[in-house]
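What follows is one structure encoded as structure tokens, with my remarks underneath.
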Amino acid sequence: MTKLIEVDEQQQIFHLHNEQISYLLTVEAGQTLSHLYFGKRVRGYHGQLTYPRVDRGFSGNLPGSNDRTFSKDTLPREYSSAGEMDYHLPATVVRQADGANALNLQYVGYTVLEGKPKLAGLPAAYVEDDSEAETLVITLRDEVTGLDYQLSYTIYRALPVITRSVKVVNNGAQAVQLEKVASMQLDFVDRDFEVISLPGAHVNERHPERRPVSFGVQSFESRRGTSSHQMSPFIALVDKQTDEFSGDAYGFNFVYSGNHKFSLEKDQLAQLRLLVGINDYNFTWKLEPSQSFQTPEVLMAYSDQGLNKMSQTFHQLIGKRVVRSKYRDLKRPIVVNNWEATYFDFDEEKLKPIVAEAKQLGIEMFVLDDGWFGHRDDDYSSLGDWQVFAKKFPQGLGHFADYVHNQGLKFGLWFEPEMISYDSDLYRQHPEYLMQVPNRAPSPSRSQYILDLCQAEVRDNVVEQVATILSQGQVDYVKWDMNRHLSDIYSLSLPADRQGEVYHRYVLGYYDLMERLTAKFPDVLFEGCSGGGGRFDAGVAYYMPQIWTSDNTDALARLTIQMGTSLAFPPSMMTAHVSAVPNHQTGRVTPFETRGAAAMSAVFGYELDLTKLTSAEKAAVKEQIAAYNQMRALVLEGKFYRLKSPLDSNQAAWNFVSADKKQVFVAVFNVLAQAQPYLTKTKLAGLDKDKCYRNLATGQVYGGDELMNLGFYDPVVRHDFASQTYLFEAVTEE
Ligand code: DGJ
């Protein structure tokens with residue numbers, strides 16, 4: 001088998017490559033680890049990218065050297081630190097016992113490993129077989145402090161992907177305070193990029209924004225304690241002419257669910273530095289002698305064929321090598337969730353007819369959302385008390401779960417385990433579990449507070465309460481929600497000099513909960529949620545294969561949200577439901593078929609009172625379910641192509657193509673009707689040009705080349721928010 005990592009020990013050149021990409025680094029003067037190249041695969045390297053020696057005014061030189069032509073301030077680097085002659089933002093800052101924060105990280109050695117080691121306590125991409133990847137670990141050392149930085153680079157054999165992370169080991173005699181440890185640095189010379197990010201808000205997540213990378217520092221970050229609705233932990237760097245199908249695109253996807261920071265710095269020479277890692281805002285980590293600190297991982301994808309290929313790489317990597325659940329390869333059940341149907345106003349008797357109707361319509365799982373526990377009739381109480389609310393389920397939750405199962409449906413249950421209400425038995429018994437700053441009243445959000453997951457006892461309590469319910473064997477699915485962001489950042493369990501660790505320890509605590517519960521209940525399908533898509537990241541995907549994409553269920557709003565999300569994450573990770581109209585978030589009335597087309601383009605379900613549907617709507621539900629059954633594997637496993645964006649036009653369109661290119665699902669949406677409409681065409685992508693495809697609705701057969709190059713006219717419609725779906729199957733030519 002071809003080696004993926006070649007090391008020229010003489011020239012000190014490291015070449016990571018597969019069939020698609022190359023990544024090159026070397027060691028420069030002063031034992032400085034320097035970046036050479038990341039991009040399309042090259043067979044070899046002959047030294048032509050040695051950084052030119054130029055005397056640059058006000059960019060100083062190596063200590064003890066009179067060579068004015070070499071400066072760390074201009075050299076493309078792999079990992080930088082405070083205290084060097086480098087005026088960019090550094091990758092790491094470490095406060096030492098004497099108050100100094102200078103480091104001089106020098107190359108001391110490397111190892112190459114088969115496969116990919118796990119990251120202790122953290123989610124990360126994995127391999128199923130060591131032959132899938134190789135890992136280069138380079139050690140940089142600061143002699144004065146005795147700190148070692150182990151930079152890990154894993155290259156996958158079959159994907160244009162390199163993953164990166166850093167482990168800091170304190171081999172010195174003194175404790176130090178880490179103030180910043182980025183997971184990666186990537187420096188570019190002579191690239192005039194644009195940056196695509198995914199900002200948003202609650203009910204308005206991940207709206208792509210593309211803008212030039214300008215001089216100075218631009219950052220994309222979360223300081224909310226989670227990966228957030230407000231800024232997804234992802235960016236792409238693209239050339240100006242890059243589009244969905246052509247041009248260079250570099251994607252960076254952070255496998256982390258807490259505060260993140262992507263900073264881009266375009267410097268005096270128009271060179272660019274990208275740093276990705278845990279946000280250094282309110283972050284410190286005390287590292288005692290012999291201890292180590294592991295950063296989370298960044299997934300880097302390179303595409304020379306535009307954004308669709310970059311996204312498909314992430315879809316493949318996250319869908320198949322970050323997601324671990326057994327549901328990774330299983331079909332996900334079609335759900336009906338009672339949240340928008342009833343909110344808190346339900347009891348067993350009211351829910352049973354919805355379940356019975358679900359069975360009639362072919363829905364596969366009933367999900368009981370918020371309000372089944374404690375004495376929760378609204379969102380002011382009971383978080384922390386995960387026992388059934390007897391008023392709503394007088395014969396116990398098991399009785400209702402049995403009813404659901406007897407109807408032939410699976411049973412799902414909502415939890416929000418990281419939270420606590422003042423009005424709860426848990427708070428009355430353990431006020432110290434609530435995250436709070438001494439002598440200050442904590443801030444509510446949705447009238448609820450955060451459990452201090454830094455405390456082992458708190459985590460044990462959560463695991464025990466959730467496990468008690470799951471152990472009864474009646475819950476097939478868990479929706480794990482989180483309806484506020486962190487505040488009052490302090491842990492009563494930590495000493496003063498470790499309070500800067502709280503944000504990160506919270507995330508580690510959350511991962512600990514997820515690891516324990518998903519390992520104990522491997523048959524349960526876990527779905528992540530945080531007021532919709534407030535914690536939608538690859539870290540969560542390691543534990544939960546699917547996430548509620550947004551609390552916004554409006555089909556039109558979902559077009560942008562789902563398309564934006566698809567830049568970084570697979571459709572198999574996004575859940576999407578058909579809901580009632582007027583839509584509860586926007587007041588908009590969209591056609592039933594359009595709501596279906598948007599929801600069927602992801603992990604499909606319903607979120608409305610099925611008993612209130614008209615008979616025509618019930619017939620439509622049956623048709624949607626039949627259609628989804630035909631293409632469920634295609635949507636969950638196929639290649640997803642964005643064809644038209646609602647941000648650029650009056651339309652959105654996408655298609656899915658199966659791995660064997662024999663099945664194609666197309667959805668086209670027309671936002672507003674027009675009196676004198678311009679005609680539009682939809683051209684498909686990713687088909688086999690030599691195959692013939694039958695439109696299953698009309699029976700008409702077309703060549704793959706025709707569908708991709710000629711396309712077809714979109715129908716002229718006389719109503720807003722129209723949609724068309726098409727299912728094609730390859731046929732042998734007639
Ligand atoms: C926010 C979720 O995103 C909703 O789907 C619902 O579960 C509510 N929380 C319940 O409080």
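Atoms within a ligand are numbered from 1 in the order they appear, just like the ligands themselves. Note that these values count all heavy atoms, side chains included, but never hydrogens, waters or copies made by symmetry.
For Gln316, the side-chain hydrogen bond (donor to acceptor under 3.5 Å, both in side chains) criterion is met by no residue, not counting sequence neighbours. Every residue was checked against the side-chain hydrogen bond (donor to acceptor under 3.5 Å, both in side chains) condition with Lys359, not counting sequence neighbours, and none meets it.
Residues Asn461 and Glu464 bring no donor and acceptor atom of their side chains to less than 3.5 Å of each other. When only modelled atom types and interatomic distance are considered, Trp414 and Asp481 share a side-chain donor-acceptor pair under 3.5 Å.
Screening residues 519-532 for salt bridge (Lys or Arg N to Asp or Glu O under 4.0 Å) gives Lys326-Asp523 as the qualifying pairs, with residues at least two apart or on separate chains.
Closer than 4.0 angstrom to ligand 1 sit non-hydrogen atoms from Trp339, Asp369, Asp370, Trp414, Arg446, Lys479, Asp481, Asn483, Cys529, Gly531, Gly532, Trp548, Asp551.
No donor-acceptor pair under 3.5 Å is formed between the side chain of Thr586 and the backbone N or O of Asn583.
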